[in-house]
Amino acid sequence: MSKKVRVRFAPSPTGGLHLGGVRTVLYNYLFARRHGGDFILRIEDTDQGRYVPGAEEYIIESLRWCGLEPDEGPHKGGAYGPYRQSERKARGIYEKYARQLVEHGHAYYAFDTPEELEAMREKYKTADNPSPQYNHTLRKKMRNSLQLDPAETQRLLADGTPYVIRIKLEPDEEVTFTDMIRGEVTFSTTGVDDKVLLKADGMPTYHLAVVVDDHLMEISHAFRGEEWLPSAPVHILLWRYLFGEDKMPQWAHLPLILKPDGNGKLSKRDGDRLGFPVFAMNWTDPRTGEPATGFRETGFLPQAFVNLLALLGWNDGSGQEIFTREELVAKFSMDRVHKGGAKFDFEKAKWFNHEWIKRLPASAYAPQVAALFAEKGIPIPAHDLLRPAETEIPLPPVTPLVPETITDISGAPLLDLAALEAGLIPPPPAPNRFERVLDLVKDRCTLLPEFIPQAAFFFQPPATIDLDAVKPKWNEAKGLFFAEFIQQLELAPNLVAHALEAEFKEMAAAKAIKPGELLMPLRIMLVGGKFGPHVFDIIALIGKDETIRRIRHTIQLLNFTP
RNA sequence: GCCGCGUUGGUCAAUCGGUUAAGACGCCUCCCUUUCACGGAGGAAUGAGGGGUUCGAUUCCCCUACGCGGUACCA
């Protein structure tokens with residue numbers, strides 16, 4: 001009679017969505033899908049002082065970009081709403097449980113002001129104990145319902161004196177639970193303080209809210225960052241007092257993602273300092289105006305982002321590194337998540353992206369890349385975006401890209417060919433000219449913006465031409481050769497890369513010039529520099545008119561500059 | 001300080017007591033390529049230290065060191 005798997009991601013809307021946050025989402029998502037369960041988004045906005053407008057929308061949009069959509073959440077609704085804790089508070093949900101705890105002697109009222117607390121910490125601070133806790137000893141010296149006589153407590157309450165409700169922890173109690181990653185973990189209540197459960201403004205703290213909401217939302221498994229481990233005993237005790245420990249979800253405390261150099265949690269600062277993104281998408285803090293770049297805008301594919309995050313702290317033991325989301329769903333298990341934190345390696349992250357760019361058909365990212373070109377003032381002509389069937393201009397064959405070659409590292413096709421043949425999924429569209437260009441150069445692109453320098457010359461003549469690479473070996477014979485080559489091109493009925501190449505080499509042989517002596521100049525005429533795919537594929541794609549124009553143009557430059 | 005969690009190459013990591021301690025990223029060398037890449041072949045590089053347990057420890061236990069996290073009316 002195992003209950004249905006229900007997991008949640010519960011961020012507080014205080015800023016951009018951090019790498020570690022996305023990974024927590026991912027593990028939640030994978031676990032839910034793996035077990036046919038639900039994945040819930042819950043907004044923990046109990047600290048009105050830290051609330052940042054727009055952060056919630058940003059989080060939802062980030063999840064959408066990653067393809068990790070919740071089944072329930074503030075934007076989707078669901079049977080367990082509302083999904084914002086501020087709205088749940090308005091319904092008196094948390095207060096009810098806080099009062100119940102007080103009635104049962106597991107919690108108490110505390111009237112201490114922030115100033116009094118500060119004074120207490122100052123007063124009891126010693127070299128041995130730099131941070132005195134509000135606990136079973138010190139609470140005896142504070143203003144709370146445990147010390148005050150009941151009448152006085154009632155009077156303060158009746159007067160509307162601000163108060164909080166604190167959990168009452170007895171010393172020397174062992175609290176043990178089984179973590180899905182770490183196994184059995186034990187704490188003594190002696191080390192933990194009487195945490196505030198309900199704040200003076202009536203809002204619950206995380207400690208109360210997480211327990212109450214996990215219960216009310218019937219959460220079966222609760223995953224969160226390792227930084228929560230020390231407060232786990234409070235949550236266990238709350239479960240014990242409120243709903244019964246047997247009803248408690250199974251916990252898993254995820255290892256931290258560490259900065260690449262040194263140690264410590266990866267922060268936005270580290271990204272700025274070391275030059276890589278830390279957030280999923282661009283984020284500008286509305287209050288400080290401080291911008292932060294995202295993986296999306298840096299040119300990462302969501303497939304790659306999800307893939308690299310999955311492997312940061314988990315692996316299936318097989319050595320496979322490239323996983324589709326479907327494969328991850330099929331293979332993910334919490335007991336293969338590492339205990340230790342992992343340093344983030346941006347070089348490896350880029351490798352994942354490169355792999356995904358290479359493996360995916362260009363149609364998977366052509367729209368984003370087209371947008372990048374447009375931003376750079378190189379709009380892609382509409383006819384280059386038409387499907388071959390929609391245009392009468394035939395596309396020349398270039399280096400073929402067959403779906404069979406799109407495979408993961410084990411050789412299994414990423415494109416489900418069986419499903420394709422059975423007609424279960426629509427066939428990928430025949431690539432248009434733009435996509436052919438991208439397919440031709442994608443081996444050279446690690447990040448999406450790199451398509452611009454690698455492919456711009458297909459859409460406009462090169463801005464600069466590296467004449468210095470040609471001049472030293474340029475002579476009249478070569479000039480004659482190219483003049484003749486232009487004539488041949490003009491006569492050619494259509495351009496086929498390999499036929500062109502054969503013709504070119506025949507002509508070179510007839511003139512007793514080594515083909516290599518001519519290939520580089522030709523490349524520079526077309527591309528502007530010493531890079532790019534096979535020259536004859538380029539000619540086939542830019543067409544003979546443009547090819548002739550560029551050759552003539554460069555020859556002119558060569559003649560006029562000594 | 002106290003409490004907790006960690007610790008295999010520079011980084012991600014496999015190993016569930018017996019291995020020449022995988023693989024990947026990065027780096028280096030070579031091959032392929034009349035460019036740049038891609039691809040292929042090879043190379044350098046690892047069990048924090050000390051005690052146990054055991055016929056045998058990277059693996060199990062303890063101690064130390066180091067790192068990290070927590071120690072808020074923040075999450």
Side-chain angles (χ1 to χ4, degrees), chain A residues 10-14 44-47 49-50 110 112-114 117-118 121 125-135 162-166 179 181-182 185-193 195-207 209-210 224-233 253 255-256 258 260-265 308 311-322 336 338-352 354 358 409 441-446 454 469 505 514-520 522-524 527 529-535:
Chain A
S12 64
T14 52
E44 308 229 344
D45 55 349
T46 55
D47 186 352
R50 293 212 308 161
D112 318 278
T113 64
L117 289 173
E118 184 50 39
R121 292 202 180 92
K125 186 159 78 176
T126 63
D128 266 5
N129 182 10
S131 30
Q133 296 184 317
Y134 201 117
N135 61 13
Y163 65 90
V164 301
I165 293 180
R166 285 180 182 271
D179 185 277
I181 296 170
R182 290 151 214 283
V185 183
T186 303
F187 290 87
S188 164
T189 50
T190 307
V192 343
D193 59 344
K195 294 267 183 245
V196 170
L197 264 18
L198 201 70
K199 305 188 235 183
D201 63 2
M203 280 283 191
T205 59
Y206 173 82
H207 306 294
V210 71
R224 74 217 311 194
E226 189 186 349
E227 67 269 27
W228 289 108
L229 204 44
S231 54
H253 290 89
L256 266 16
L258 278 16
D261 56 342
N263 294 296
K265 262 207 290 196
L308 74 93
L311 273 281
L312 212 53
W314 172 88
N315 73 84
D316 74 342
S318 74
Q320 179 177 346
E321 296 199 276
I322 303 297
R336 286 203 64 92
H338 260 256
K339 295 181 175 76
K343 288 183 183 175
F344 179 67
D345 180 359
F346 190 53
E347 290 306 315
K348 183 86 182 221
K350 286 195 290 191
W351 174 80
F352 275 107
H354 193 193
K358 283 187 292 183
I409 209 150
V441 303
K442 63 192 195 181
D443 283 352
R444 297 162 178 78
C445 302
T446 297
Q454 289 296 336
K505 286 183 175 168
K514 276 183 273 181
E517 298 270 301
L518 298 163
L519 247 18
M520 184 51 79
L522 179 56
R523 166 177 301 283
I524 288 172
V527 175
K530 291 194 241 185
F531 65 96
H534 290 292
V535 211

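Residue numbers start from 1 in every chain, and the chains themselves are labelled A, B, ... in the order their sequence lines are given, proteins ahead of strands.
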[atom1] gap between [N] and [M], integer Å:
{"N": "B:G26", "M": "B:U33", "atom1": "P", "value": "24 Å"}
{"N": "B:A21", "M": "B:U59", "atom1": "C1'", "value": "11 Å"}
{"N": "B:C12", "M": "B:A48", "atom1": "P", "value": "14 Å"}
{"N": "B:A22", "M": "B:U46", "atom1": "P", "value": "12 Å"}
{"N": "B:C32", "M": "B:G39", "atom1": "C1'", "value": "8 Å"}
{"N": "B:G49", "M": "B:U58", "atom1": "C1'", "value": "14 Å"}
{"N": "B:C62", "M": "B:A45", "atom1": "C1'", "value": "32 Å"}
{"N": "B:C25", "M": "B:U20", "atom1": "C1'", "value": "24 Å"}

Suppose we screen for salt bridge (Lys or Arg N to Asp or Glu O under 4.0 Å). Which residues come up paired with [X], at least two apart in sequence or across chains?
{"X": "A:Arg50", "answer": "A:Asp47"}
{"X": "A:Lys343", "answer": "none"}
{"X": "A:Lys350", "answer": "A:Glu347"}
{"X": "A:Glu517", "answer": "A:Lys478"}

Could you list the residues that satisfy side chain to side chain donor-acceptor pair (under 3.5 Å) with [X], not counting sequence neighbours?
{"X": "A:Glu226", "value": "none"}
{"X": "A:Asp179", "value": "A:His253"}
{"X": "A:His207", "value": "A:His235"}
{"X": "A:Asp193", "value": "A:Lys195"}

What is the distance, rounded to the nearest whole Å, between atom [atom1] of [X] and atom [atom2] of [N]?
{"X": "A:Gln320", "N": "B:C25", "atom1": "CD", "atom2": "C1'", "result": "16 Å"}
{"X": "A:Phe352", "N": "B:A24", "atom1": "CZ", "atom2": "C1'", "result": "8 Å"}
{"X": "A:Arg224", "N": "B:G69", "atom1": "CZ", "atom2": "P", "result": "17 Å"}
{"X": "A:Lys339", "N": "B:U59", "atom1": "NZ", "atom2": "C1'", "result": "12 Å"}
{"X": "A:Trp314", "N": "B:A14", "atom1": "CH2", "atom2": "C1'", "result": "13 Å"}
{"X": "A:Leu256", "N": "B:G6", "atom1": "CG", "atom2": "P", "result": "13 Å"}

Note every stem involving RNA chain B: at least three consecutive Watson-Crick or G-U wobble pairs, i with j then i+1 with j-1, with both distances under 3.5 Å.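 Looking at RNA chain B, the stems formed by three or more consecutive pairs are B:1-7 with B:65-71, B:10-12 with B:23-25, B:27-31 with B:39-43, B:48-52 with B:60-64.
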Would you mind classifying the nucleic acid contact of [X] as base, sugar-phosphate or nothing, using non-hydrogen atoms under 4.0 angstrom?
{"X": "A:Gly191", "result": "nothing"}
{"X": "A:Gly49", "result": "nothing"}
{"X": "A:Gly264", "result": "sugar-phosphate"}
{"X": "A:His253", "result": "nothing"}
{"X": "A:Lys350", "result": "nothing"}
{"X": "A:Leu229", "result": "sugar-phosphate"}

Heavy atoms under 4.0 Å is the rule here; annotate nucleotides 26-33 of chain B 5' to 3' with B where the base is hit, S where only the sugar-phosphate is, and - elsewhere. --------
Considering just the side-chain nitrogens and oxygens of [X], establish if one lies under 4.0 Å of OP1 or OP2 belonging to [N].
{"X": "A:Asn263", "N": "B:C66", "answer": "no"}
{"X": "A:Arg336", "N": "B:U15", "answer": "yes"}
{"X": "A:Lys358", "N": "B:A37", "answer": "no"}

Of all the choices, [options], which nucleotide is nearest to the side chain of [X] once you look at every atom?
{"X": "A:Arg444", "options": "B:C5, B:A37, B:G1", "value": "B:A37"}
{"X": "A:Lys343", "options": "B:G1, B:C12, B:G70", "value": "B:C12"}
{"X": "A:Pro130", "options": "B:C12, B:G69, B:G1", "value": "B:G1"}

State the NE2-CG distance between A:His338 and A:Leu311, to the nearest 0.5 angstrom.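 It comes to 10.5 Å.
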Got a donor-acceptor pair under 3.5 Å from the side chain of A:Arg182 to the base of B:C5?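 Per atom types, no contact qualifies.
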What pairs of nitrogen or oxygen atoms, one from the protein and one from nucleotides 72-75 of chain B, lie under 3.5 Å apart?
residue: B:C73; atom: OP2; partner: A:Arg121; partner atom: NH2; Å: 3.4
residue: B:C73; atom: OP2; partner: A:Arg166; partner atom: NH2; Å: 3.2
residue: B:C73; atom: O2; partner: A:Ala200; partner atom: N; Å: 2.8
residue: B:C73; atom: N4; partner: A:Asp112; partner atom: O; Å: 2.9
residue: B:C74; atom: OP2; partner: A:Lys199; partner atom: NZ; Å: 2.9
residue: B:C74; atom: O2'; partner: A:Asp47; partner atom: OD2; Å: 3.1
residue: B:C74; atom: O2'; partner: A:Arg50; partner atom: NE; Å: 3.1
residue: B:C74; atom: O2'; partner: A:Arg50; partner atom: NH2; Å: 3.1
residue: B:A75; atom: OP1; partner: A:Thr46; partner atom: OG1; Å: 2.8
residue: B:A75; atom: OP1; partner: A:Lys199; partner atom: NZ; Å: 2.7
residue: B:A75; atom: OP2; partner: A:Tyr206; partner atom: N; Å: 3.4
residue: B:A75; atom: O3'; partner: A:Glu44; partner atom: OE1; Å: 3.4
residue: B:A75; atom: O2'; partner: A:Ser12; partner atom: OG; Å: 3.1

Listed partners of A:Pro533 passing side chain to side chain contact (heavy atoms under 4.5 Å, CB included), at least two apart: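 Counting only residues at least two positions away or on another chain, A:Pro533 forms a side chain to side chain contact (heavy atoms under 4.5 Å, CB included) with A:Leu440, A:Val441, A:Arg444, A:Phe457, A:Phe458, A:Ile538.
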